[in-house]
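What follows is a single structure, written as structure tokens, with notes after it.
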Amino acid sequence: MQHLKSYNYLPAECEQMQVICDRLGRVYSSGLEESVQRFLESLGKLNRAYLTDLEEKVLSVLESEITHKEAWG
């Protein structure tokens, strides 16, 4: 969180960034396809405190897939 302040984000934006980072961390793994890994990495490198509607949808689908795989083994 502290390093986000160097980007002059407001406290609420820092919190949003932390939520995004937490979500990315939950779905990222070395077992993912390379293209999916790259997509998640690119989201982690964005210099904005939000996801676009499309980015949000794609991340939600990935979260759903990962959760589904974990639940069913």
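Looking at heavy atoms from C-beta onward, V36 lies out of side-chain contact with Y28 at the 4.5 angstrom threshold. In this structure, the side chains of Q18 and E15 stay at 4.5 Å or more apart for every pair of heavy atoms.
Residues that satisfy the side chain to side chain donor-acceptor pair (under 3.5 Å) test with Q37, not counting sequence neighbours, are absent from this structure. Remark: T52 engages R48, L54, E55 in a side chain to side chain contact (heavy atoms under 4.5 Å, CB included) (not counting sequence neighbours). Under the salt bridge (Lys or Arg N to Asp or Glu O under 4.0 Å) criterion, E34 pairs with R38, not counting sequence neighbours. Remark: R26 engages no residue in a side chain to side chain donor-acceptor pair (under 3.5 Å) (not counting sequence neighbours).
Closest approach of S60 to R23, counting heavy atoms only: OG-NH2, 3.6 Å.
Grouping Ile, Leu, Val, Met, Phe, Trp and Tyr residues whose side-chain heavy atoms lie under 4.5 Å apart, directly or via other members, leaves Y50 alone, with no other cluster members. Counting side-chain heavy-atom gaps under 4.5 Å among Ile, Leu, Val, Met, Phe, Trp and Tyr, V19 is found in no cluster with other residues.
Distance check, rounded to the nearest 0.5 Å: CD of E13 to CD1 of I20 gives 10.5 Å.
Cluster annotation: L59 and M17 are assigned to distinct hydrophobic clusters (Ile/Leu/Val/Met/Phe/Trp/Tyr, side-chain heavy-atom contacts under 4.5 Å, transitive).
By the 6.0 Å contact criterion, CG on D22 is enclosed, its count of non-hydrogen atoms from other residues, nucleotides or ligands being greater than 12.
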Report task. Might you work through the side-chain contact (heavy atoms from CB on, under 4.5 Å) test for L32 and L40, ending with a clear yes or no? Result -> CA-CA 10 Å; L32 294 173; L40 294 171; 3.7 Å; yes
